[in-house]
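Here's the structure we're looking at; comments come further down.
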Amino acid sequence: MTMKTSEIFETLLENLKVGETATTVASRRDEITKALNKDFRDKDGCTDYKLMVGSFGRHTAIKGLSDLDMIFILPPGTRSSYDGDTGPRRILERVRDALKARYKNTEIRVDQCVVRVRFTSNAFKFEVQPAFENADGSFDYPDTKAEGWKVTKPREEIAATKECNDRTSTNMRHLARMARAWKNANGVNMGGLLIDTLVYNFFDQTDDYDAAGTGSFDLMVRDFFEFLKDQPEQEYYLALGSRQRVHVKTKFQPRAKKAYNRCIEAIAEEGKTSANKKWREVFGTSVPLAKSASESSRSFRDTEEFIEDKFPVDVSETVSIDCEVTQAGWRPTWLRAMRRGGILLKADKSLKFVVTSCSVGEPYTLKWKVLNRGPEAERRDAIRGQIVDSSKRGVRIEHSDFRGEHVVECYVVKDGVVVARDRINVPVSNTSVKAANAL
């Protein structure tokens with residue numbers, strides 16, 4: 001059964017909704033605010049003096065979000081008590097202690113500008129930023145590293161998001177959510193404010209999609225990724241609304257180029273079941289699959305598992321993997337270097353997949369997926385694709401066996417959330433004469 005473009009994107013957006021999490025977030029937010037108002041204002045049950053900021057506050061968050069940013073507005077009369085170099089740390093420690101009194105069994109700690117409250121049962125954490133409100137609506141917040149107070153302007157960012165969203169018939173928030181799905185599905189380490197700023201900048205330079213419906217979203221996302229891939233490399237952008245600096249963590253242009261190419265392929269295959277698979281490569285498992293007649297009568301088992309079904313995915317770090325290829329009597333070679341040099345990977349090789357770099361601080365857990373593709377994998381009923389552990393610490397050992405475009409993915413799980421992922425294509429050019437359950 002094929003799907004129309006509008007159906008694909010309507011289902012995608014429906015699947016990206018924060019959903020029931022919003023109710024839990026609101027409840028936790030109010031409980032945090034009550035605890036702080038009791039300490040700072042001696043008011044019981046008061047839920048005023050708060051502001052949700054970040055992606056949740058701008059209404060661009062998606063399912064799986066793990067970090068929630070909120071500002072607790074401090075009583076202006078206490079400002080003078082927290083002057084001086086020690087003021088920022090003292091105010092953060094007071095917030096920490098007030099929340100520890102409320103949440104005795106929850107991990108709560110000071111982290112430079114915020115107090116982190118990690119709710120393990122919900123797999124998300126609040127970053128509570130105490131701040132004094134200024135006359136212009138901006139906030140002064142504490143920074144223990146700078147031993148002083150800095151300015152943030154989240155209300156201007158929220159207002160700019162709303163203005164752009166209203167002007168574009170809600171397409172600004174639609175595109176911002178799809179951009180988050182792309183970064184989570186493809187391991188692109190981009191902050192939410194940077195994503196929203198780039199989406200804002202995209203709509204600022206074109207009005208082609210200001211009134212577009214979901215039937216035109218294929219063209220809209222194609223043009224957005226073209227806009228992204230053509231961005232000059234720079235260290236920061238000026239955030240929408242506030243015009244404050246928002247830093248670029250890693251280069252996003254190469255993966256935006258891949259997404260752009262997948263969009264072109266998906267558009268060319270419109271009306272075919274293969275189009276859904278192309279869109280899945282861009283946006284992940286929130287894109288619905290379309291079943292073809294041949295798939296319903298296939299002779300192999302579909303054993304592929306998806307990390308999104310096991311953990312929330314909220315990419316905020318970077319991991320890179322490679323594969324050391326060895327064979328008795330031959331010098332070890334790295335797979336990425338082989339591919340760059342146009343050297344084909346043959347059967348009967350030992351494959352050691354390793355993490356070559358990772359920005360995630362210990363402790364964390366690695367998970368892997370080895371997916372076999374192609375007619376030979378299907379004939380053997382050996383597509384695999386289950387989520388598995390490392391063979392030994394930080395390493396996954398495999399063996400090249402039969403022809404096909406195989407894929408290996410690595411996931412970094414921290415505090416119950418996938419915070420980084422990478423994949424490597426493993427094209428095997430021939431089939432081994434040996435019989436083995438391997439790549």
Side-chain angles (χ1 to χ4, degrees), residues 28-29 31-43 46 48-57 66-104 106-119 125-158 191-194 197 235-239 241-249 316-317 359-362 414-415:
R28 295 290 196 189
R29 173 202 65 200
E31 286 301 314
I32 287 171
T33 308
K34 287 177 188 177
L36 295 178
N37 276 324
K38 183 177 180 180
D39 183 277
F40 282 89
R41 293 184 170 88
D42 197 25
K43 288 186 175 182
C46 178
D48 297 334
Y49 311 107
K50 66 181 180 296
L51 178 65
M52 290 302 295
V53 294
S55 299
F56 195 86
S66 62
D67 288 353
L68 291 146
D69 306 311
M70 76 174 272
I71 286 178
F72 174 69
I73 303 171
L74 296 164
T78 62
R79 188 184 284 249
S80 60
S81 302
Y82 296 97
D83 288 337
D85 295 348
T86 64
R89 179 160 293 280
R90 285 188 292 114
I91 195 70
L92 287 165
E93 288 176 347
R94 181 174 172 181
V95 168
R96 177 200 62 194
D97 293 345
L99 293 177
K100 278 190 171 183
R102 169 64 180 83
Y103 297 106
K104 293 182 173 59
T106 300
E107 181 186 317
I108 301 173
R109 62 184 176 87
V110 172
D111 187 0
Q112 187 173 336
C113 303
V114 299
V115 174
R116 292 181 181 266
V117 185
R118 186 164 71 86
F119 296 106
K125 58 181 176 288
F126 270 83
E127 296 190 351
V128 183
Q129 188 168 70
F132 292 107
E133 186 170 9
N134 298 315
D136 63 357
S138 66
F139 295 92
D140 290 341
Y141 67 91
D143 186 333
T144 57
K145 187 175 181 180
E147 296 185 331
W149 295 78
K150 294 183 177 179
V151 178
T152 182
K153 303 176 181 179
R155 283 202 174 106
E156 295 182 13
E157 294 159 3
I158 291 169
L193 184 55
L194 177 59
T197 295
E235 294 183 359
Y236 64 88
Y237 285 80
L238 297 179
S242 69
R243 308 299 288 168
Q244 293 187 305
R245 290 187 177 186
V246 53
H247 290 276
V248 178
K249 296 178 182 179
S316 58
E317 301 286 348
S359 68
V360 185
E362 294 274 11
K414 175 85 172 178
D415 297 333

TODO: Compare every heavy atom of Leu74 with every heavy atom of Arg41, then report the nearest pair and how far apart it is.
DONE: NH2-C, 3.4 Å
Task: Test: Asp415 and Arg118 ion pair at under 4.0 Å - done: yes
Open item on the list: Please tell me whether Trp149 and Tyr82 form a close aromatic pair, meaning their ring centres lie under 6.0 Å apart.
Closed with: no
Open item on the list: What's the separation between atom OG1 in Thr78 and atom CD1 in Ile91, rounded to the nearest 0.5 Å?
Closed with: 5.5 Å
TODO: Step by step, work out the salt bridge (Lys or Arg N to Asp or Glu O under 4.0 Å) result for Arg90 and Glu93.
DONE: CA-CA 5 Å; Arg90 285 188 292 114; Glu93 288 176 347; over 6 Å; no
- [ ] Report yes if the side chains of Glu31 and Arg28 come closer than 4.5 Å at any heavy-atom pair, otherwise no.
- [x] no
- [ ] Give, for atom CG of Leu238 and atom OH of Tyr236, the distance between the pair rounded to the nearest 0.5 Å.
- [x] 6.5 Å
- [ ] Mark yes or no: Arg29 above the aromatic ring of Phe72, with NZ or CZ under 6.0 Å from the six-membered ring centre and no more than 45 degrees from the axis.
- [x] no
Open item on the list: Strictly below 4.0 Å, N to O, side chains only: are Glu235 and Lys249 in salt-bridge contact?
Closed with: no
Open item on the list: Is the shortest side-chain heavy-atom distance between Tyr237 and Val248 below 4.5 Å?
Closed with: yes
TODO: Would you please say whether a donor-acceptor pair under 3.5 Å links the side chains of Asp140 and Asn134?
DONE: yes
TODO: Calculate, to the nearest 0.5 Å, the distance between atoms CD and OG1 belonging to Gln112 and Thr144 respectively.
DONE: 5.5 Å
Task: Within 45° cone of Phe126 ring axis and under 6.0 Å: Arg116 NZ or CZ - done: no
TODO: Keeping the roles fixed (side chain from Thr197, backbone from Ala239), state whether a donor-acceptor pair exists under 3.5 Å.
DONE: no
Task: Exercise: do Ser359 and Glu317 side chains pair donor with acceptor under 3.5 Å - done: yes
Task: Pairwise side-chain contact, Phe139 with Arg155, heavy-atom cut-off 4.5 Å (strictly under) - done: yes
Open item on the list: Please determine whether the number of non-hydrogen atoms from other residues, nucleotides or ligands lying under 6.0 Å from atom CG of Asp136 exceeds 12.
Closed with: yes
Task: Val151 and Lys153, any side-chain heavy atoms less than 4.5 Å apart - done: yes
- [ ] Quick one: closest heavy-atom pair of Val53 and Met70, and the distance?
- [x] CG2-N, 4.1 Å
Task: The single option from Asp67, Asp69, Asp111 passing salt bridge (charged side-chain N to carboxylate O under 4.0 Å, His left out) against Lys125 - done: Asp67
